[in-house]
Protein chains: 2
Amino acid sequence: MKSTINDVAARAGVSIKTVSRVINNEPSVRPATRKKVMDAVEELHYQPNLAARNLAGTRSYTIALIYDNPNAYYVIDMQNGILEACKARGYELLIHPSNSKSDTVNDELRALVEHSKVAGVVLTPPFSETQSVIDEVRKLGLDYVRIVSSGAAEGDEDNCIQVDDAAAAYDITKHLIEHGHKRIGFLCGGEEHISTHGRLDGYKQALQQAGITIDPELIVPGEYSFDSGVSGAKHLLEQDNPPTAIFASNDEMAAGALFAARLMHIEIPAQLSIVGFEDSPFSRQTWPKLTTAHQPNNEIAKCAAALVLNKARSKSAAETAAANKDAGIMKKFVPELLVRDSTGDSPT
Amino acid sequence: MKSTINDVAARAGVSIKTVSRVINNEPSVRPATRKKVMDAVEELHYQPNLAARNLAGTRSYTIALIYDNPNAYYVIDMQNGILEACKARGYELLIHPSNSKSDTVNDELRALVEHSKVAGVVLTPPFSETQSVIDEVRKLGLDYVRIVSSGAAEGDEDNCIQVDDAAAAYDITKHLIEHGHKRIGFLCGGEEHISTHGRLDGYKQALQQAGITIDPELIVPGEYSFDSGVSGAKHLLEQDNPPTAIFASNDEMAAGALFAARLMHIEIPAQLSIVGFEDSPFSRQTWPKLTTAHQPNNEIAKCAAALVLNKARSKSAAETAAANKDAGIMKKFVPELLVRDSTGDSPT
DNA sequence: TGCCAAATTGACAGCGTTGTCATTCGCTTG
DNA sequence: CAAGCGAATGACAACGCTGTCAATTTGGCA
């Protein structure tokens with residue numbers, strides 16, 4: 001039923017090693033021979049067996065995605081993007097949700113290498129921004145790509161896909177300012193996420209540039225969750241001099257803010273503007289639909305995966321660089337402002 | 001660095017075959033020997049190499065999850081549940097999103113077997129309810145579990161985890177009836193999903209039992225999406241004699257209904273009650289929070305995975321049955337009514 | 001004590017690939 | 001036309017494990 005490399009070799013009238021050379025795109029195979037083999041592969045619907053490859057070869061054909069993110073949409077987008085890249089090159093993806101609080105990732109990483117012989121990993125926040133994890137990955141000799149907020153790329157740009165949160169947050173804030181808002185509240189995401197700092201920076205920068213004094217009262221700590229959005233917004237709106245707009249660090253928090261406003265009988269966007277960040281599907285399913293910044297997670301993931309795969313299959317850094325150039329892999333993304341219905345002119 | 005079965009054998013002073021026996025829990029190993037080996041395993045942190053196992057053995061150590069569901073929360077819940085079961089037994093999970101419209105699943109299934117030597121699959125709707133897919137899986141000799149709406153289990157109960165949509169829908173409808181609602185609209189999910197039929201049946205049954213005539217005008221076709229919920233609800237609410245409650249086939253549709261109501265300045269739940277189904281996280285993030293039926297997807301997935309794994313590792317059906325009994329695997333789930341804020345007394 | 005069946009253990013051959021290294025081929029060159 | 005050299009090809013071991021079957025040990029019983 002299922003054909004092996006032997007079948008192909010027999011059919012093509014060559015040795016199995018030559019077949020191996022062809023399917024791995026190695027040099028030193030005469031074009032005529034290559035064609036013979038490829039024909040045989042075609043006819044037999046031959047597909048190399050992954051287990052055998054992993055076992056025999058020095059390199060492996062599986063990569064892992066490491067994440068700890070309550071946002072299902074984010075995770076799914078990542079998975080699908082990576083899966084696309086993997087499929088195109090015959091790789092397999094192991095998904096690995098982990099717990100960033102529990103400090104077991106490093107052990108899990110090691111197990112992943114020894115047990116499943118993973119070749120590379122895609123790291124998402126917060127792991128991608130945790131030094132001990134990065135160190136471990138390097139120690140294990142894994143190829144890796146970190147999806148990070150721009151600030152966290154430091155001297156490791158080659159291994160990073162950056163999301164420029166500050167630039168996007170700047171745009172968002174500017175959008176609010178242009179609508180006459182002067183008192184703009186900011187709902188922070190979790191401290192441990194670099195992204196929330198980047199977003200805050202962009203917010204501050206836009207205010208400063210517009211000559212608006214930054215009021216610390218308007219910046220409230222929190223985490224990337226609906227509930228945090230509810231309480232943070234309440235906190236802001238109960239102040240003596242409440243803001244006319246709220247910048248929530250992600251869509252979930254923005255949904256929370258919307259909820260709080262609703263509770264307090266505040267009309268959106270007539271009395272209060274609210275913006276989110278990320279363009280989660282549900283930012284389109286709230287009332288009113290959320291103004292937000294579109295973060296192309298699927299695209300980001302695809303690039304990240306392409307990057308690891310290029311590394312995994314190349315021997316030298318130069319070779320990797322060349323492959324990357326060819327593939328047109330983007331390494332920096334700026335989420336784009338998406339104006340919907342939750343923002344409008346300042347009431348004052 | 002990484003230890004192999006040889007290292008363990010050397011350390012324990014036995015042959016590798018004996019080590020193999022121990023780690024596979026095979027009989028015919030003297031307790032003393034077993035202990036020696038287990039100690040060595042412990043000391044060396046030995047973990048069998050998956051690629052080698054897959055290559056050498058007749059059975060494999062990976063299963064796949066096949067799905068095509070736009071609901072990220074559903075998918076993530078499934079993945080996590082299965083992953084848990086897999087981890088506990090040293091299995092690996094391959095996720096396989098596919099396209100139910102394109103008819104390529106069967107080929108993909110075959111590739112999964114030949115290429116990655118998958119031992120079993122967990123099928124979710126709509127694949128779990130598509131005969132051609134089930135046939136292919138059987139033909140390939142795969143162990144499988146289908147997660148299905150009760151109606152679709154027919155003579156294949158042993159391979160099914162059932163969700164009793166009808167029973168849950170009955171409960172939901174009854175809840176509405178008890179609040180005095182007599183005209184209850186029903187927003188159907190996609191025709192191709194058995195679940196939507198089950199839910200509709202439960203709805204009808206509850207009405208009949210309460211002596212309420214079923215009005216076909218109140219049953220509107222649609223699909224499991226937000227937009228469908230919006231348009232379906234609009235359609236209902238624009239009728240001359242609009243319903244006082246709407247039963248949406250899932251939470252997303254319910255959110256859409258909420259949105260439509262908002263558009264038409266209808267107060268929820270004062271003027272209109274709305275219920276969803278599934279208890280997606282976002283059913284808690286709408287205003288008002290949705291009354292729905294809690295579907296324990298994570299639990300369902302765990303049971304499904306446990307079921308395939310038991311099959312995969314057992315030789316005989318009897319053995320499988322025994323293993324299942326031990327594990328206390330539940331095979332039928334009834335989503336439970338969860339009353340929140342979107343339902344109330346009928347205004348009339 | 002001796003014998004035998006059953007229980008326990010081990011030797012060895014794969015599984016389907018890749019890596020290493022030796023061999024052969026096809027040309028160029030003198 | 002033969003030598004010589006790099007390119008193309010192949011033989012074979014190895015990867016870490018399981019399956020098969022043979023060898024050894026154990027314990028019960030006469």
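So you know, we letter chains A, B, ... as the sequences are listed, proteins then strands, and number each from 1.
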Can you list everything that forms a salt bridge (Lys or Arg N to Asp or Glu O under 4.0 Å) with A:Glu157? Sequence neighbours excluded, please.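 A:Glu157 satisfies salt bridge (Lys or Arg N to Asp or Glu O under 4.0 Å) with no other residue.
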Extract all donor-acceptor atom pairs below 3.5 Å that involve side chains of residues 29-38 of chain A and protein atoms in other chains or at least two apart in sequence.
from	atom 1	to	atom 2	distance (Å)
A:Arg34	NH2	A:Glu26	O	3.0
A:Lys35	NZ	A:Asp39	OD1	3.4
A:Lys35	NZ	A:Asp39	OD2	2.7

I'd like to know whether the aromatic ring centres of A:Tyr67 and A:Tyr74 sit less than 6.0 Å apart in this structure.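 No.
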Distance in angstrom units between [X] [atom1] and [N] [atom2], rounded:
{"X": "B:Asp7", "N": "D:dG16", "atom1": "CG", "atom2": "C1'", "value": "11 Å"}
{"X": "B:Tyr61", "N": "D:dT18", "atom1": "OH", "atom2": "P", "value": "6 Å"}
{"X": "A:Asn6", "N": "C:dT18", "atom1": "CG", "atom2": "P", "value": "12 Å"}
{"X": "B:Lys36", "N": "C:dT8", "atom1": "NZ", "atom2": "P", "value": "14 Å"}

With a non-hydrogen cut-off below 4.0 angstrom, is B:Tyr46 in contact with a base, only sugar-phosphate, or nothing?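 Here B:Tyr46 touches the backbone only, sparing every base.
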For B:Asn24, report the nucleic acid contact type (base, sugar-phosphate, nothing); a contact means any heavy atom under 4.0 Å.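 Sugar-phosphate, backbone atoms only, no base.
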Non-neighbouring partners of [X] that pass side-chain hydrogen bond (donor to acceptor under 3.5 Å, both in side chains), sequence neighbours left out:
{"X": "A:Tyr144", "answer": "A:Arg138, A:Asp156, A:Asn159"}
{"X": "A:Glu136", "answer": "A:Arg110"}
{"X": "A:Ser102", "answer": "A:Thr104"}

So for the helix from C:dT1-D:dA30 to C:dG30-D:dC1, with five pairs setting each end axis, what is the inter-axis angle to 10°?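 One end axis against the other gives 50°.
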Taking ring-ring contact (aromatic ring centres under 6.0 Å, His included) as the definition, give me every residue that meets it alongside A:Phe333, ordered by chain and number, with sequence neighbours left out.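 Checked A:Phe333 against ring-ring contact (aromatic ring centres under 6.0 Å, His included); zero matches.
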D:dT18 OP1/OP2 closer than 4.0 Å to side-chain N/O of B:Thr58: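 Looking at the OP1 and OP2 atoms of D:dT18, neither is under 4.0 Å from any side-chain N or O of B:Thr58.
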Heavy-atom contacts, protein to nucleotides 7-15 of chain D, under 4.0 Å, summarised as B (base), S (sugar-phosphate only) or - (none) per nt, yield -SBBB---B
Can you list every pair that meets salt bridge (charged side-chain N to carboxylate O under 4.0 Å, His left out) and has a residue in residues 300-309 of chain A, with sequence neighbours left out?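 Checked against salt bridge (charged side-chain N to carboxylate O under 4.0 Å, His left out) - neighbours excluded - the pairs reaching residues 300-309 of chain A are A:Glu84-A:Lys302, A:Glu299-A:Lys302.
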